[in-house]
Amino acid sequence: MKLKQLILNTKNPFTLTAITAGLLLSATVQTQAMTESQTLISGDEIEKTALLLPAVQSAREAAMTETYIEGLEKLEVIGKYDQKLSVFTAKRPSKEDIEKRLSLAHKLGEQGGIKFSERPQRISETRIALRSAEDPSASFEVDLNTGNFLFNAGLNNYRGEQTTEGLPTKFEIQDLMSKTLEDLGLQVSPKEFDSTQLGGVNMGVHDERGGTMIYEKFKTLRVHRQLNDMLVEGDARMVFQFGEQASVANMVFQWPTITDAKPIPASLIQDATRLQQAALDRLQPMANKAESAKLKSVDLVLYDDGRGVLEPAYHIVMERDIQIGKEDPSMIPYDFYLPISSEPVAFFPDLAKSPEPKAEGAEVATSSTETNETEDGSNYIK
């Protein structure tokens, strides 16, 4: 065990002192253990002995300032794989695929009486959107690289101080999700459903007597994805919010179609020791900002980078109690994804910086002034 780790794992200050003294005594004995024929200590040995004391003292001081992390034994699961490790790639949508996505905006808008513009606006290099002149809060956005989309019916019908009429019950919401997917023609395999979460959105209004009136506005269902018997985290999700008369008020569809799965070469899979050390190197500095820290979980998942790549990584979560002002310490979690491959294909925001990707898939007519005119007179994204 390294000196720093040895000292760090020893909480008792008396034991720390004993360890330091023992190391110094050992070095002194080794220096003085000369044969009878030796009359002088070499200059190198004198220099090594002189340098040992400050090195030990520095390690001891560093260890004393580091916050002990409870539950570090959870890192031992890193490097133990029971399944095949592959990188999944999503299908790049064609122009026709994107046009079909845009048609969903009008279909969903009809349910809530929302009329969207016919021509999308470009809001980034990879995203386009339809807006509503009647309700600026209503929108439909599509990602050109993955086909993922976001739908928002707006707030015009939900601003009042009353509970939304016709909200579905918790027993109806699962069937409503299946019906919505079918009506929209979205091909999703139930085998990829990992788990679901039920929830809702309420409005709280203070009354004249100092109380609070609660009005239910939406019922929410969130669906988590799995592939290759692994939970998909990161960008992947489907979220349905049902409003008036059980219509779709908001929808998040981040469930790209997978077209390829390539095993990670054994030469690129980092060994357990290296991964565990990399995890510890990231945990310790963040723990040092807290009064106490506890490693909550270490899970092997597929990380969806939102750009069309899903890659195996460890999701590591640490809970920290941090002192803020004079109040009692608050629990503030810290988490990150640690890729298994030494050459990750997916984009991990906390590991590298890269520019916003350009659309590699479809070209769609937009109202942007930055367009190229084709032979038929249509304007397309560059």
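As a basis for the values below, the full set of heavy atoms in this structure was taken, side chains included, without hydrogen atoms, waters or symmetry mates.
- The existence of a salt bridge linking K294 and E319 is excluded, since no basic side-chain nitrogen approaches an acidic carboxylate oxygen closer than 4.0 Å.
- A donor atom on one side chain and an acceptor atom on the other are found under 3.5 Å apart for S292 and D321.
- Looking at R225 and D304, no side-chain N of the basic residue comes within less than 4.0 Å of a carboxylate O on the acidic one, giving no salt bridge.
- Note: M251 CE to T180 OG1 = 7.0 Å, rounded to the nearest 0.5 Å.
- In this structure, L302 and S86 approach most closely via the heavy-atom pair CD2-O, 4.0 Å.
- Judged purely by distance below 3.5 Å, without hydrogens or angles, the side chains of D175 and S178 never pair a donor atom with an acceptor atom.
- In summary, D143 and R127 engage in a salt bridge, as defined by a charged side-chain N under 4.0 Å from a carboxylate O.
- There is no path of hydrophobic side-chain contacts, each under 4.5 Å, that joins Y215 to F242.
- Residues V252 and L130 do not share a hydrophobic cluster, clusters being chains of Ile/Leu/Val/Met/Phe/Trp/Tyr side chains in contact below 4.5 Å.
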For a salt bridge (charged side-chain N to carboxylate O under 4.0 Å, His left out) check, start with the C-alpha distance between D183 and K179, then their side-chain angles and the critical distance, and finish with the verdict.
CA-CA 6 Å; D183 290 346; K179 184 177 184 302; 2.9 Å; yes
Show your working on side-chain contact (heavy atoms from CB on, under 4.5 Å) between V345 and T89 and close with a plain yes or no.
CA-CA 10 Å; V345 181; T89 305; over 6 Å; no
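- Figure legend: R101 and F149 shown without cation-pi pairing, the cationic atom not lying both under 6.0 angstrom from the six-membered ring centre and within 45 degrees of its axis.
- When the side chains of ILVMFWY residues are joined at heavy-atom separations under 4.5 Å, either directly or via intervening members, L283 and V77 end up in a single hydrophobic cluster.
- Hydrophobic clustering (side-chain heavy atoms under 4.5 Å, transitive across Ile, Leu, Val, Met, Phe, Trp, Tyr) groups M286 together with L338.
- Residues T164 and E244 have side chains that never bring a donor and an acceptor to within less than 3.5 angstrom of each other.
- V239 and F218 end up in different hydrophobic clusters when Ile, Leu, Val, Met, Phe, Trp and Tyr side chains are linked at under 4.5 Å.
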